Amino acid sequence: MLLLVIVAGLGAVTLLVISFAPHIRKYAAGGVCRSSAQLEGKTALITGANTGIGKETALDLAMRGARVIMAVRDTEKGEEAAASIRASYSKAQVEVRELDLADTCSIRAFAQEFLKEVNQLHILINNAGVMMCPYTKTIDGFEMHIGVNHLGHFLLTYLLIGQLKRSSPARIIVVSSLAHNFGWIRFHDLHSQGSYNSGLAYCQSKLANVLFARELARRLRGTNVTVNSVHPGTVNSDLTRHSTLMTIFFSVFSVFLKTPKEGAQTSLYCAMAEELHSISGKHFSDCAPAFVAPQGRSEETSKKLWDVSCELLGIEWD
């Protein structure tokens with residue numbers, strides 16, 4: 001009898017989901033970037049642009065006339081993504097360049113070549129990321145989440161900041177997550193050597209993204225270079241590949257999730273919206289200002305994280 005009740009209940013829920021699917025999808029899609037900006041003569045750099053929201057962001061910017069540099073770890077997959085973008089828009093100016101954010105030598109080599117061959121940079125989108133990896137370290141010995149999601153982008157931005165200032169007005173977008181609400185910067189064990197939880201490590205790195213954007217915005221005042229962080233929404237992408245449970249969950253409840261194109265909207269909004277030309281140090285979701293957790297608003301924490309990051313990377317960035 002109980003089994004019949006469970007089956008009937010699941011059947012009813014399934015019918016409701018199917019019946020209201022169009023309304024659910026409309027709600028799940030979230031905000032849309034309605035900017036009509038055209039970007040001829042502008043150059044954009046997007047990390048992790050070979051898949052998911054990074055690829056969709058690259059496509060949209062290319063369709064607006066921008067020269068788009070797709071910085072990817074796997075250049076073969078990057079070229080496939082670029083070919084797909086060109087197939088969608090034959091005039092797309094997209095270039096694939098190798099960048100491994102888990103290796104500071106790769107980041108420095110990328111930046112050196114970029115600065116040698118590209119004269120301007122108007123939009124930098126720090127989009128690439130890893131999520132819920134088993135415990136691993138980067139080439140430089142950093143825990144993978146904090147190493148790739150925060151430190152890799154911190155170093156890349158440091159190396160390109162002069163180019164951004166010379167190209168101003170310019171914008172930096174840091175892709176964070178709602179997960180920052182559940183993160184804490186564990187300065188006593190930043191690389192999770194004492195204990196490790198993949199979910200908490202991810203949350204810590206996303207909080208670091210928010211803190212980095214806010215502190216960088218403070219330091220860039222008066223330069224005509226803005227920086228904001230974004231929560232793209234819960235996107236149905238391959239970011240969950242390290243978690244079987246989340247992969248199954250995302251598959252079952254895909255109707256409630258954003259597509260990569262929908263997930264790219266807030267990054268695009270922050271990269272182009274005319275009304276944001278002087279807005280910096282804010283956090284956005286669904287193309288609107290979003291809540292930042294108290295630990296993400298701490299000036300003391302942001303300054304300490306900045307100093308620790310510089311020390312770990314062996315750089316001086318005043």
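Please read these numbers as outputs of a predicted model, since none were measured by experiment.
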Donor-acceptor under 3.5 Å (Ser280 side chain, Thr226 main chain): no
Verdict with reasoning, Leu59 to Lys261, per side-chain contact (heavy atoms from CB on, under 4.5 Å): CA-CA 10 Å; Leu59 172 60; Lys261 182 176 181 179; over 6 Å; no
From Leu305 atom CG to Leu312 atom CG, the distance as rounded to the nearest 0.5 Å: 9.0 Å
From Cys133 atom SG to Glu143 atom CD, the distance as rounded to the nearest 0.5 Å: 7.5 Å
Minimum side-chain heavy-atom gap Tyr202-Val130 below 4.5 Å: no
Exam field: side chain Glu98 to backbone Ala71, donor-acceptor pair closer than 3.5 Å: no
Backbone of Val175 reached by a side-chain donor or acceptor of Lys206 within 3.5 Å: yes
NZ/NE/NH1/NH2 to OD/OE distance under 4.0 Å, Asp189 and Arg186: yes
Derivation and outcome, side-chain contact (heavy atoms from CB on, under 4.5 Å), residues Met144 and Thr138: CA-CA 5 Å; Met144 191 61 70; Thr138 68; 3.9 Å; yes
Side chain Ser168, main chain Asn224, donor-acceptor under 3.5 Å: no
Glu113/Lys116 salt bridge by N-O under 4.0 Å criterion: yes
Short side-chain to backbone donor-acceptor contact, Glu262 and Thr259, under 3.5 Å: yes
Between His153 and Thr47: side-chain donor-acceptor atoms closer than 3.5 Å: yes
Modelled atom types, side-chain donor and acceptor of His191 and Gln193, under 3.5 Å: no
Note, Ser229 side chain near Phe284 side chain (heavy atom, < 4.5 Å): no
Verify same cluster id: Trp317, Leu124 (apolar side-chain graph, 4.5 Å): yes
Glu300, CD atom: more than 12 neighbouring heavy atoms under 6.0 Å: no
Tyr269 side chain reached by Ser35 side chain, heavy atoms, under 4.5 Å: no
Verify same cluster id: Phe154, Phe187 (apolar side-chain graph, 4.5 Å): yes
Beyond-backbone contact of Val68 with Gln93, side-chain heavy atoms, under 4.5 angstrom: no
Spatial distance of atom OG1 (Thr75) from atom CZ (Arg97) [nearest 0.5 Å]: 12.5 Å
Sidechain-backbone polar pair: Ser88 side chain, Ser84 backbone, donor-acceptor under 3.5 Å: yes
hydrophobic_cluster_shared for Met63 and Ile53, side chain cutoff 4.5 Å: yes
Connected-component partners of Val210 among ILVMFWY, side-chain separation under 4.5 Å: Val292
Thr157 and Asn126 side chains, donor-acceptor separation under 3.5 Å: yes
Test of ring centre spacing under 6.0 Å for His231 and His180: no
Distance, nearest 0.5 Å, that separates CG of Asn127 from CD1 of Ile173: 10.5 Å
Under-4.0 Å salt bridge between Lys258 and Asp286: yes
N/O donor-acceptor pair under 3.5 Å between Arg67 side chain and Lys42 backbone: no
Presence of salt bridge, Asp307 and Lys303, under 4.0 angstrom: no
Side chains of Glu316 and Tyr158, donor plus acceptor under 3.5 Å: no
Under 3.5 Å donor-acceptor, Glu79 side chain and Val96 backbone: no
Close side-chain approach of Cys310 and Ile315, heavy atoms under 4.5 Å: yes
Step-by-step side-chain contact (heavy atoms from CB on, under 4.5 Å) determination, Ile46 to Ile123: CA-CA 8 Å; Ile46 308 170; Ile123 300 170; over 6 Å; no
Heavy-atom closest contact (Ser106 atom, Asp100 atom, distance): OG-N, 2.9 Å
Under 3.5 Å donor-acceptor, Asp140 side chain and Phe142 backbone: no
Non-hydrogen side-chain atoms of His122 and Arg171 separated by less than 4.5 Å: no
Pairwise side-chain contact, Phe291 with Arg297, heavy-atom cut-off 4.5 Å (strictly under): yes
Residue pair Ser302 / Glu215, side-chain donor-acceptor N/O under 3.5 Å: yes
Point-to-point distance, once rounded to the nearest 0.5 Å, from CD of Gln265 to OG of Ser285: 12.0 Å
side-chain contact (heavy atoms from CB on, under 4.5 Å) evaluation trace for Leu121 with Phe114: CA-CA 10 Å; Leu121 178 59; Phe114 182 92; 4.0 Å; yes
Ser205 versus Asn149, side-chain donor and acceptor atoms under 3.5 Å: yes
same_hphob_cluster(Leu115, Leu313) at 4.5 Å side-chain heavy-atom cutoff: yes
Test item: Leu99 and Ile107 side chains (from C-beta on) under 4.5 Å apart, heavy atoms: yes
same_hphob_cluster(Ile125, Ile279) at 4.5 Å side-chain heavy-atom cutoff: yes
Distance (rounded to the nearest 0.5 Å) between Leu39 CG and Met272 CE: 6.0 Å
